Structures are given as structure tokens and as C-alpha cells.
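Predicted model only: the values in this text are computed from it and were never measured.
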Amino acid sequence: MLKTILDVTLRDGGYLNDWQFSWENANHLLAFLHQQGLRNIEVGFVRSPQLQTTAVNGCPPEFLAKLRQFHPDMNLVCMLNPADGDWQAAVADKLEHISLLRMPCTAKLIDHALEIAHAIKQQYNDIRISLNLICVSSYSLEEIKGLLSRIAVSRDVDIVYLADSRGALYPSDVQTLISSAREICPQALGFHAHDTQGYAIRNSDRAVAYGCEWIDVTLNSFGLAGGNTSLEGYLTHHQLQPEGIDLEVAVREFCQDHLPLTHPPLAVQQLYRKLAEKNIDPVWSQQLEEKYTNNLHDLVSRVSRQDYKTLESVLGAIDTLRSPVL
């Protein structure tokens, strides 16, 4: 089971500190994960030199080569955003160091991502490629089935990930989603949970039970908005932690010593949860607070849960509540 658990602390946790990790941070993290029995770690975004901001938010070849040198038993995973533009420059001289390349996709990006996957496979047939359908809660089940059908026919995609980016799904939703994906996709399946409502471990369990091989985790659940499935919680829940180790204590001490990350304030986390309950993306929280300064919580509690795809659709739903009855 540990062979298909993927740690994404550097990449997803990087949203909390603008990917300001030192070489020492990354080096210590890979060593720590190796001690826990994990072998797959997403070390960041591959980006073109023009878009690179840090080692983790860019993954230059020398950074990847050094990680491989110091940690030859670890599989390095990187994320390539097909919306970035010059993907050739983003992956130049890096593919030989990467075990798995993941591409996050909305409906509009799937075809472009499939083209990139095909081109990369022509160069490096040994590399595995994953297409990650993000914000899956923003689509109806029929829409998701249609999107998955477009991916399923590709021989260049090895893994199809479904990402609950908002943390809006419930275990029953995950069961239906993964069951449907398993019927459509011949590829391996993965699930990326966010813990915005506190369901990340349960949702990850349900995903595995209904056909997922891959699960994402982070230390201390560090990640965008509501955070991710916690590595220590997931391994302890399944009794996969190394014998004789209190993994929650070990992770807490490691994070204090080696990771420059902190969770958002409690009030912010509570707002994220309230938004996720209505399937509103927590990343829109700042814009919503700026527009509805004094009564956002009340308005969100009254708005209906829908498949919101855009901030504008949320604003429209809220403004309808605020419109006077004629």
C-alpha cells in the first residue's frame, strides 16, 4: 500500500509559503519520508526559467539531479501545469530525473494536456504521466463521465487522478465518483483529497475501497485552503507507521524543525469549511470577504449548494439572496 501513497507536502504545502523551501528543507523531508517507508514524493512544479520563482516552484535540473543523487531510492514526482504555456521549456533537461509527471486539468485543458502527454511519451517512454482532473465537485456526475471518457482512450496517460480540490465531497460522493471512473478508465486511478470539512481520510479510504490505487498525503495536512489528507493520520489509521514510533509526534517535531509552514488562522479555516459545505471554492474567500464584509457567513449559510464553476456564479447566487422581493 505504501508504494502508491504519494507525499505532496512540498508542492501543495507550498501554497502556504509561496514555495519558499530551502535545499535543506527538501533534503530532510525526503529522508524523513524514506524512514516512514514512502518512496514517492512530489517535489514541486516544473516551470520554464521565466516562470520559476524558487527551486520547488520551478524544479531546475540541478535541483532534481541533486535530490536523485542524495535519495536514489525515492521516486521524484513533479507537476506540470498545461496552462503555463511553454511546456517544452518547463520540462527541458528534467524528464530523466522524474518518475511521474502530473498535469492538473480543468475541462478546457484536457485536450491540450493529452497532446503534451503524447509528445513527452515520444521522448521518454519510461516516464509515467498522470492527468489530474481538478475541482471535481464543480462538475455533475454526467459531466465527469464525459471528461473521463476523453482521457480513457489515451495510451499516453498512465494514471487518472480525481482531485477534490475544494474538500467539498462526502464519502458517498467519492464512492459514486470512483465507481464510475473505474468503469470508464482502464488506467490506474488516484484520489487527491482536501480536508476542508474533515473528511480527507474517510474520503481517501472510500476511494481506495472502490478502485483507486494512488492516494495523496501531506505532513500535518499542510496544503492549499483546507489542507490535505495527513500522512501521519492516514498511516496510523491503517497501522502502516513504522513499529514503535508515535508518528503524529514524530511528524509534529519534524515540521517544527524542518518545514517553514503554518496553517491559516482558525477563523479562516472555519470560513473555508463553511464555503466547502456549499461547494464554493475556498480560494475565492478573499474576494468574497471583500465584497460581503459584514455578512458573508450569513449569506453563505443561506445560499444553495450547487456545482459552482466560477466565482461569478457564486456572486450571482448570493446577490439573488440580497435582491429585494418585488
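We find that Glu277 and Lys274 are not joined by a salt bridge, their nearest charged nitrogen and carboxylate oxygen being 4.0 Å or further apart. We find that Arg182 and Glu213 are joined by a salt bridge, their nearest charged nitrogen and carboxylate oxygen being less than 4.0 Å apart. Note on Lys121 versus Asp158: salt bridge recorded, some NZ/NE/NH1/NH2 to OD/OE distance being below 4.0 Å.
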_Stepwise side-chain contact (heavy atoms from CB on, under 4.5 Å) check, Trp284 with Leu275_ = CA-CA 9 Å; Trp284 298 331; Leu275 293 172; over 6 Å; no
_I'd like to know whether Met103 forms a side-chain contact (heavy atoms from CB on, under 4.5 Å) with Asn132, so could you lay out the CA-CA distance, the side-chain angles of the two residues, the decisive distance to 0.1 Å, and finally the verdict._
CA-CA 6 Å; Met103 286 186 280; Asn132 295 20; over 6 Å; no
_side-chain contact (heavy atoms from CB on, under 4.5 Å) evaluation trace for Arg166 with Ile280_ = CA-CA 7 Å; Arg166 300 174 180 178; Ile280 298 172; over 6 Å; no
*Step-by-step side-chain contact (heavy atoms from CB on, under 4.5 Å) determination, Asp205 to His238*: CA-CA 10 Å; Asp205 280 347; His238 289 282; 2.5 Å; yes
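Using a 4.5 Å heavy-atom cutoff, the side chains of Gln52 and Pro60 are in contact. Within the 4.5 Å cutoff, the side chain of Ile98 has heavy atoms near those of the Ile127 side chain. With contacts defined as side-chain heavy-atom distances shorter than 4.5 Å, the pair Leu148/Leu162 qualifies. Counting heavy atoms from C-beta outward, Val157 and Cys185 have side chains that stay 4.5 Å or more apart. Taking the side chain as every heavy atom from C-beta outward, Phe222 and Cys255 approach each other to under 4.5 Å. Taking 4.5 Å as the limit, every side-chain heavy atom of Cys59 sits out of range of all side-chain heavy atoms of Arg47. Counting heavy atoms from C-beta outward, Ile41 and Leu30 have side chains that approach closer than 4.5 Å.
Closest non-hydrogen pair, Ser138 versus Glu143, comes out as O-OE1, 4.3 Å. Nearest heavy-atom pair across Ser179 and Tyr210 is OG-CD2, 3.2 Å. Across all non-hydrogen atoms, the minimal contact from Ile184 to Ala152 is O-CB, 3.5 Å.
Of the N and O atoms on the side chains of Asn25 and Ser22, at least one donor lies less than 3.5 Å from an acceptor on the other residue. Inspection of the Asp164 and Tyr199 side chains reveals no N or O donor paired with an N or O acceptor under 3.5 Å. Between the side chains of Ser140 and Asp307, no donor-acceptor pair of N or O atoms lies under 3.5 Å. In summary, the side chains of Arg206 and Gln175 do present a donor paired with an acceptor at a separation below 3.5 Å, with no hydrogens or angles considered. Side chains of His194 and Asn203: no donor on one and acceptor on the other come within 3.5 Å.
Residue pairs meeting the side chain to side chain donor-acceptor pair (under 3.5 Å) criterion with at least one partner in residues 5-17, sequence neighbours excluded, are Asp7-Thr9, Arg11-Glu42, Asp12-His192, Asp12-Asn228.
Using bins of under 30°, 30° to 60° and over 60° for the plane-to-plane angle, the ring pair Phe254/Phe32 lands in the parallel bin.
Under the 4.5 Å side-chain heavy-atom criterion for Ile, Leu, Val, Met, Phe, Trp and Tyr, Ile134 and Tyr161 are members of distinct hydrophobic clusters. Linking ILVMFWY side-chain heavy atoms closer than 4.5 Å, directly or via other members, places Val208 and Phe191 in a single hydrophobic cluster.
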